[in-house]
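Sequence lines set the chain letters: A, B, ... in the order given, protein chains first and strands last, and positions in each chain run from 1. Values below: all heavy atoms of this structure, side chains included; hydrogens, waters and symmetry mates excluded.
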Amino acid sequence: MKTLAYEIQLLLRDRAAWVLTALFAFVLVYALNQGVELAERQRESAKTVLDASRTFDGQVREALARQAIDPRQLARQPLSAVLPPAPLPLLAVGQADLTPAFEAVSLWRLQTPTDARVEIENPSRLLAGRFDLAFVLVWLFPLFLLALAYDLLAGDRESGVLRMVLSRGVSPRKWLAIRALARGAPILALALAATWMSASWGGVAADTSNARLLYACGVVAAYGVFWLAIAALVNGLARSAAAAATAVGAVWVTVVLVVPTLLNVVVESLHPMPSRAELVASAREASGDAERRGNEVLNSFYRDHPELAPPGMQVDFAQRILAVQDEIRGSMDPVRLEFDSQLAAQQELVELWRFASPAIAAHEALTDLAGTGYWRHRAFRDQVEGFKQSVYDFYSPRIHKNRPLTKSDVAELPRFEFAEEPVERWTSRVTLSIAGMLALALLAALLAGSRLSARKLAASSS
Amino acid sequence: MLEALQLTKRFQERLAVDGLQLRVAPGEIYALLGPNGAGKTTTINMFLGFLAPDGGEAKVCGVSVAADPVGARRKLAYIPEQVALYPRFTGVENLDYFSALGGKSHTRAELYELLEGAGLPRAAAERRVGTYSKGMRQKVGIALALATGAKALLLDEPTSGLDPAASHEFSRLLRRLAKDGVAILMATHDLFRAREDASHVGILLGGKLVAEFTKDQLEGEDLEALYLEKLRA
Amino acid sequence: MIASIARKEFVDAWRDGRFRLGAVLMALLFATASLLAWGQTERTRAERAAAAALERENWLEQGEKNSHSAGHYGVNVFKPVAPLSLFDRGIEPFVGTTLFLEAHRQNQAAFVPAQDATAMRRFGELTAAAGLQLLAPLLIVLLAFGAVAGERERGTLRQVLSLGVTGRSLALGKTLGLGLALATLLAPLGILGVFVLANSEVEASYGLWARAGGLALAYGLYLAAVLLGSVTVSALAPNGRSALAILLSLWAAACVIAPRLANDVVHEKLPTPLLAEFEKELSTDLQQGLDGHDPRTKQMEDFTQATLTKHGVARVEDLPFNFYGLAMLESERLASEVFDHHFGKLWDRIEEQDRAVALGGVAAPLLALRSASMALAGTDFTHHRHFAVAAEAHRREFVRVLNEDLMNNARPGDHGYVAGRALWEQLPEFKLAPLSAERALERAKLGLAILAAWVVATLVALVAASGRLRVDVA
């Protein structure tokens with residue numbers, strides 16, 4: 001206990017430690033503030049779209065209560081599919097500034113590849129990435145930790161103090177562990193506090209339970225412990241403070257900079273995305289083709305769906321489009337599915353390899369918890385596809401059969417409600433990430449421990 | 001020839017070297033004795049031009065160090081307590097490099113000859129110096145002094161930590177250099193070597209030269225007793 | 001003197017196991033990154049070419065229809081891949097690749113590749129440019145932090161200076177030697193790059209070699225400044241350990257923090273409009289006219305009246321041509337003014353932001369380098385804008401031809417008029433003439449100037465710092 005007290009006292013007398021801790025606190029606050037603007041904007045635009053679509057929905061219901069409506073007419077109005085704001089937007093921007101949180105679904109354009117409409121943003125800014133909390137936690141947090149903890153032993157070994165200490169019969173493992181924790185404690189505490197506060201910072205009331213926050217703190221703690229274990233390992237090996245600094249620097253560069261970017265390139269080379277350009281062109285080819293063969297398409301459609309054939313086979317414009325669309329869907333679905341399957345394959349590879357670098361594991365887990373990563377958006381896209389289907393299913397029989405919409409159809413009117421992923425889905429993913437990081441930390445700590453017998457240290461420090 | 005003329009150096013309030021008057025003629029070996037902090041290394045640093053004196057002047061072969069530090073350094077050689085060498089270079093490469101920096105170029109054969117002259121056999125000279133003992137490093141230092149043909153040599157505790165045989169070998173080389181007309185100033189704690197090798201012995205205390213003896217004056221005297229007596233005074 | 005110091009430093013660096021390891025790792029990373037980037041570039045190029053061919057066929061095979069309907073059918077054009085994007089992909093993953101050209105509307109490029117990517121994209125991409133921008137400086141730091149501070153600690157500094165070497169020639173010689181060591185490491189990669197470029201098909205007007213030369217200059221200046229700065233810090237720092245700590249902190253600040261921080265700050269000072277605002281203003285001006293006084297309907301009424309007066313007839317049906325074709329031409333002209341105004345303003349703002357970030361290079365040279373590098377590689381916003389502007393010009397020409405056909409060939413009042421393949425074939429395929437190397441250099445000038453200033457400043461600092469070298473460890 002006395003060792004710990006002295007260790008803390010040493011730290012308190014170290015001016016550099018104070019400066020670093022203050023700087024880290026400043027950086028955390030800056031990052032939280034930076035997130036507020038984007039989160040508010042996204043919340044606002046989601047609300048605008050949602051309000052508009054609710055108003056429209058209400059008007060339709062009201063109108064239907066009074067009179068019957070031609071489904072062709074109603075189908076002209078696109079329906080909005082909105083992804084509600086992320087549960088913890090301040091934690092990580094993730095893909096939120098890139099991927100659309102809104103899609104207009106129109107019966108007449110169900111098969112046209114639509115462009116996702118996102119906020120106007122300077123592409124250079126997207127390239128640089130944002131100064132969000134996840135950036136500070138994944139990139140800078142280890143740098144600050146290492147700056148305080150890179151020299152747990154190496155400097156003392158160099159100066160010969162270590163031999164003196166060991167000659168007093170101190171257990172080097174315990175001594176190193178106490179030192180690592182004492183040195184890392186202030187930075188770790190700040191990181192955890194910022195993570196916890198990300199739920200309510202700047203008036204951005206997060207729409208979430210404490211479970212997400214607890215898990216986020218777990219991720220941050222595990223990531224921090226991993227880096228402290230790395231510091232310990234390096235100190236078990238390095239003979240001088242400069243060598244220790246070089247070594248922890250090299251590990252940081254490898255884990256945070258090289259492995260993730262390399263994995264990025266590898267993932268995209270192994271599972272290349274199909275070409276959007278080709279998708280667009282072939283969709284037009286398919287629709288041109290279907291339109292040219294209009295009557296033939298129509299006839300085969302009604303052959304396959306005799307129940308939908310309009311009375312007397314008097315076909316109008318709308319029915320023709322629907323039949324043609326059905327034809328296009330048949331040829332386009334495989335192409336579109338390939339996008340999803342390739343992206344899923346990429347994500348699978350990332351999930352698999354995230355333990356090659358705890359930075360990836362931490363970043364994936366933080367974006368997952370924030371609700372700005374792959375999974376929530378994937379759920380949104382899947383649900384939008386389902387919604388498109390239900391729009392088609394709703395209108396198709398009614399238009400083909402020339403049946404006007406009445407009061408009785410109100411209950412079946414398609415409406416998009418995003419359903420969040422079940423809790424156990426994300427908890428299992430994040431738990432695995434935390435466990436993986438802790439396992440790596442344990443491995444590093446064990447390796448460090450094996451290097452830390454007094455005999456080895458004394459032998460190597462002369 | 002090395003000359004200190006009323007050489008003075010002050011660190012804040014403390015006088016490190018106080019009006020030092022000293023002259024080492026060609027062929028002389030001057031041993032500068034004194035306790036830690038007496039000003040020996042400060043004196044050497046002023047001869048090297050690493051410290052600017054606050055008063056007086058240091059001269060190397062007539063060249064004022066303050067006026068022309070680089071010109072003065074060109075005329076001297078310096079061997080510190082621990083001869084610092086580049087660990088990834090061999091002995092001969094180190095010598096080649098350092099003598100090139102001193103403005104002298106030698107063929108490989110000459111370099112090996114110089115090292116052998118300093119007592120370092122060729123096989124050792126071809127090894128990287130990371131593996132050298134302290135004595136071997138000192139030999140490279142001597143070879144460097146030989147290579148640059150310096151007329152003045154500054155030594156800062158050159159024999160501390162050397163074993164007796166290496167120390168003996170080292171002083172043999174020193175005497176040879178002196179015989180060739182080099183002026184040698186050696187700061188040391190090694191009373192035995194001072195007595196054996198030096199033509200002059202000076203005792204420095206609190207930056208002042210409190211006693212000076214020639215080799216003849218020390219004949220039959222106990223240098224250690226003299227030294228301790230001066231210290232107590 | 002400087003030459004022998006440089007030679008020694010060069011040999012010493014290559015005998016340093018850490019440097020050799022770093023060099024091997026760097027070379028491996030470069031090779032992997034370049035190979036993968038090359039594969040990706042080739043694939044994208046082929047895909048876009050295939051899509052363009054298919055789209056041309058769609059256009060030609062669209063069947064007979066009213067020429068204005070063909071304007072609504074429209075055509076997709078695809079952004080060509082910049083040849084040097086395999087070196088620096090710049091903003092390419094973050095801008096649209098497909099532009100839909102249709103009557104009445106100027107669209108924005110759609111389908112941003114990064115949208116079809118995992119969140120891993122946030123870690124950035126391993127390109128040769130990223131290696132030189134981020135990792136090479138680290139290697140330099142590793143190589144140079146002990147240049148002077150290490151000699152001081154080892155005691156060799158005393159000895160070297162005791163031989164009559166000035167601190168200045170020592171520092172310059174060391175810098176030169178380390179620079180040569182680095183150059184021998186990078187030279188093979190450069191030669192490989194030249195070989196690859198020499199064997200790739202590039203349009204002459206792209207100015208491949210001028211651009212490649214500019215890139216070599218930009219990266220040369222950047223790495224030289226980093227090296228000079230590192231040796232300066234090494235000369236000033238009390239010991240190797242502090243030199244390393246200072247240099248690593250500077251690296252983290254300039255390479256990790258600065259890019260994000262600069263973009264955030266610039267965005268705050270020079271904001272881009274919100275999408276909703278932008279679209280609202282655009283549609284208002286399309287209806288109300290740019291000055292806001294003359295609604296579009298009023299302008300068109302005036303135009304109709306003026307046309308009737310000019311031809312001395314009372315009804316549009318009596319005009320010697322199809323008036324709707326002419327009206328469409330006029331309406332496109334009016335809309336073009338509005339589009340030019342709004343898109344021009346938006347794009348000017350984005351370029352202004354980019355310039356401001358590049359100016360941040362005064363504090364963090366990486367920002368200046370990135371700006372110059374993307375401009376020269378042809379992957380910055382200016383090049384993207386060039387594509388968008390050329391595509392828009394193509395759209396206007398395409399719509400003009402179709403509307404003129406309607407005006408001249410459809411009898412007045414004939415709603416059944418159709419044109420066919422002969423007309424579709426008259427419309428040329430979209431070919432983007434690359435932005436000239438001069439324009440690219442023009443864009444890169446600011447970054448290059450800042451980098452050159454850095455080299456001068458670090459050189460002056462080094463000369464000043466080495467003039468008064470501290471000999472002993474404090």
Student: Would C:F123 and A:V259 count as a side chain to side chain contact (heavy atoms under 4.5 Å, CB included) here? Give the steps.
Tutor: CA-CA 10 Å; C:F123 281 94; A:V259 173; over 6 Å; no
Student: For C:L126, which of A:N264, A:L257, A:V266, A:T261 qualifies under side-chain contact (heavy atoms from CB on, under 4.5 Å)?
Tutor: A:T261
Student: Top residue by heavy-atom pair count (under 4.5 Å) with chain A, among C:L142, C:T272, C:D354?
Tutor: C:D354
Student: What residue, out of C:Q62, C:R48, C:H267, has the most heavy-atom pairs lying under 4.5 Å from chain A?
Tutor: C:H267
Student: Out of C:L248, C:V357, C:V256, C:V95, which one racks up the most heavy-atom pairs below 4.5 Å with chain A?
Tutor: C:V256
Student: Is it the backbone or the side chain of C:T98 that comes under 4.5 Å from a heavy atom of chain A, or both, or neither?
Tutor: side chain
Student: Which region of A:Q34, side chain (C-beta onward) or backbone (N, CA, C, O), has a non-hydrogen atom less than 4.5 Å from a non-hydrogen atom of chain C, or is it both or neither?
Tutor: side chain
Student: Which heavy-atom pair separates A:A281 from C:E55 by the least distance, and what is that distance?
Tutor: CA-OE1, 3.7 Å
Student: Does the cation-pi check pass for A:R284 over C:Y73, that is, NZ or CZ under 6.0 Å from the six-membered ring centre and within 45° of its axis?
Tutor: yes
Student: Give a yes or no on this: more than 12 heavy atoms of other residues, nucleotides or ligands lie within 6.0 Å of atom CD of C:E352.
Tutor: yes
Student: Heavy atoms only, distances under 4.5 angstrom: which of A:V267, A:D151, A:L263, A:T372 has the most pairs with chain C? Name it, please.
Tutor: A:D151
Student: Could you have a look at A:R41, A:H363, A:Q342, A:Q347 and say which one has the most heavy-atom pairs with chain C under 4.5 angstrom?
Tutor: A:H363
Student: Considering only heavy atoms, which portion of A:V253 lies under 4.5 Å from any heavy atom of chain C: side chain, backbone, both, or neither?
Tutor: side chain
Student: Can you tell me how far the CZ atom of A:F131 sits from the CD1 atom of C:I257, to the nearest 0.5 Å?
Tutor: 5.0 Å
Student: Which one, C:F94, C:F100, C:F78, leads in non-hydrogen pairs under 4.5 Å with chain A?
Tutor: C:F94
Student: Quick check on A:L143 against chain C: is it the side chain, the backbone, both or neither that has a heavy atom closer than 4.5 Å?
Tutor: side chain
Student: Using non-hydrogen atoms and a 4.5 Å limit, figure out which bit of C:L274 sits close to chain A: side chain, backbone, both or neither.
Tutor: both
Student: To the nearest 0.5 angstrom, please state how far the CD atom of C:E47 sits from the CZ atom of A:R276.
Tutor: 12.0 Å
Student: Please classify the contact between C:E351 and chain A as side chain, backbone, both or neither, with a heavy-atom cut-off of under 4.5 Å.
Tutor: neither
Student: Could you go through A:Y30 and C:L261, starting from their C-alpha distance and side-chain angles, then the distance that decides it, and tell me whether this counts as side chain to side chain contact (heavy atoms under 4.5 Å, CB included)?
Tutor: CA-CA 10 Å; A:Y30 179 81; C:L261 192 60; 3.3 Å; yes
Student: Run the salt-bridge test on C:R121 and A:E268 with the 4.0 Å N-O cut-off and return the result as yes or no.
Tutor: yes
Student: Non-hydrogen atoms of chain A under 4.5 Å away: do they reach the side chain of C:L29, the backbone, both or neither?
Tutor: side chain
Student: At what distance, to the nearest 0.5 angstrom, does OG of A:S275 lie from CZ of C:F111?
Tutor: 10.0 Å
Student: Quick one: what part of A:F339 sits under 4.5 Å from any heavy atom of chain C, side chain, backbone, both or neither?
Tutor: side chain
Student: What part of C:S249 lies closer than 4.5 angstrom to a heavy atom of chain A: side chain, backbone, both or neither?
Tutor: neither
Student: Can you tell me which of A:I120, A:I360, A:V27 forms the most heavy-atom pairs within a distance under 4.5 Å of chain C?
Tutor: A:I120
Student: Would you say that more than 12 heavy atoms from the other residues, nucleotides or ligands in this model lie under 6.0 Å from the CH2 of A:W353, or not?
Tutor: no
Student: Between chain A and each of C:E279, C:R89, C:E92, count heavy-atom pairs under 4.5 Å; write down the option with the most.
Tutor: C:E279
Student: Can you give me the closest heavy-atom contact between A:A128 and C:P259, atom names plus distance?
Tutor: CB-O, 3.9 Å
Student: Is there a side chain to side chain contact (heavy atoms under 4.5 Å, CB included) between A:R130 and C:R122? Walk through the geometry before answering.
Tutor: CA-CA 9 Å; A:R130 279 176 182 262; C:R122 283 303 186 232; over 6 Å; no
Student: Ignoring hydrogens, what is the shortest heavy-atom contact between A:N122 and C:Q353? Give both atom names and the distance.
Tutor: ND2-OE1, 2.9 Å
Student: Of all the heavy-atom pairs spanning A:E278 and C:A50, show the shortest one and how long it is.
Tutor: OE2-CB, 3.3 Å
Student: Under the criterion side chain to side chain contact (heavy atoms under 4.5 Å, CB included), I'd like the reasoning laid out for A:R125 against C:D264: C-alpha separation, chi angles, the key distance, then a yes or no.
Tutor: CA-CA 8 Å; A:R125 194 182 189 204; C:D264 279 350; 2.9 Å; yes
Student: If you count heavy-atom pairs under 4.5 Å with chain A, which of C:A276, C:A117, C:A252, C:A245 comes out on top?
Tutor: C:A117
Student: If we define contacts as heavy-atom pairs under 4.5 Å, which of A:G94, A:S45, A:A147, A:S124 has the most with chain C?
Tutor: A:S124
Student: Could you state the interatomic distance from CE (A:M273) to CD (C:Q40), rounded to the nearest 0.5 Å?
Tutor: 11.5 Å
Student: Below 4.5 Å from any heavy atom of chain C, which atoms of A:A359 appear? Answer side chain, backbone, both or neither.
Tutor: both
Student: To the nearest 0.5 Å, what is the distance between OG (A:S287) and CG (C:N58)?
Tutor: 7.5 Å
Student: Using non-hydrogen atoms and a 4.5 Å limit, figure out which bit of C:L244 sits close to chain A: side chain, backbone, both or neither.
Tutor: side chain
Student: Please tell me if the side chains of A:P272 and C:R43 come closer than 4.5 Å, counting only heavy atoms from C-beta onward.
Tutor: yes
Student: For A:T48, is it the side chain, the backbone, both, or neither that has a heavy atom closer than 4.5 Å to a heavy atom of chain C?
Tutor: neither
Student: Atom CG of A:L127 and atom CD of C:E125: how far apart are they, to the nearest 0.5 Å?
Tutor: 9.0 Å
Student: Would you say the side-chain atoms of C:Q115 pair up with the backbone N or O of A:L98, donor to acceptor, closer than 3.5 Å?
Tutor: yes
Student: Using heavy-atom distances under 4.5 Å, tell me whether A:V138 contacts chain C through its side chain, its backbone, both, or neither.
Tutor: side chain
